[in-house]
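Right, one structure below, let's go through it.
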Amino acid sequence: MSPGVVHTKMWDQIDSERADIYGLKKGDAIHSITPTNPKGRAGKLSEIAGLVFYLVSEGNYVNGQSINICGGLQLN
């Protein structure tokens with residue numbers, strides 16, 4: 001699975017570090033990335049969890065695949 005930007009505690013930390021390094025306000029780093037996504041927002045953990053649930057419950061014939069779950073922003 002290849003998730004795009006998903007709003008998590010890790011992203012909060014990245015955002016905070018980038019704010020300190022570049023003199024930005026907290027929140028600006030993630031907001032500068034999300035407009036490049038066709039959905040215009042970061043993903044939600046529940047969206048990622050939905051794919052995980054499908055793969056472990058119904059996807060027993062899926063092998064060796066990288067599935068982009070990124071709101072249209074491909075990370076190949």
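Heavy atoms only: backbone and side chains are in, while hydrogens, waters and symmetry mates are out.
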When rounded to the nearest 0.5 Å, the distance separating OG of Ser16 from CD1 of Ile30 is 12.5 Å
Please find the pair of heavy atoms, one from Cys70 and one from Asn37, that lie closest to each other, and give the distance.
O-ND2, 2.8 Å
Smallest separation among heavy atoms of Val52 and Met1, with atom names:
CG2-CE, 3.1 Å
Rounding to 0.5 Å, atoms CD1 (Ile69) and CG (Leu51) come to a distance of 4.5 Å
Okay, side chain of Gln13, backbone of Trp11: is any donor-acceptor separation there less than 3.5 Å?
no
Between Asp20 and Lys26, is there a side-chain heavy-atom distance shorter than 4.5 Å?
yes
Can you name the nearest heavy-atom pair linking Asp15 to Asp28, along with the distance?
OD1-N, 3.6 Å
Are Leu45 and Ile67 connected in the hydrophobic side-chain network, where two residues link if heavy atoms are under 4.5 Å apart?
yes
Restricting to salt bridge (Lys or Arg N to Asp or Glu O under 4.0 Å), what partner residues turn up for Arg18, sequence neighbours left out?
none
Distance-only donor-acceptor check, side chains Asp12 and His7, under 3.5 Å
yes
So, for Pro3 and Val6, which heavy atoms are closest and what is the spacing to 0.1 Å?
CB-CG2, 4.1 Å
Is there a donor-acceptor pair closer than 3.5 Å between any side-chain N or O of Glu47 and the backbone N or O of Lys44?
yes
Smallest heavy-atom separation, Ser66 atom then Ser2 atom, equals OG-OG, 2.7 Å
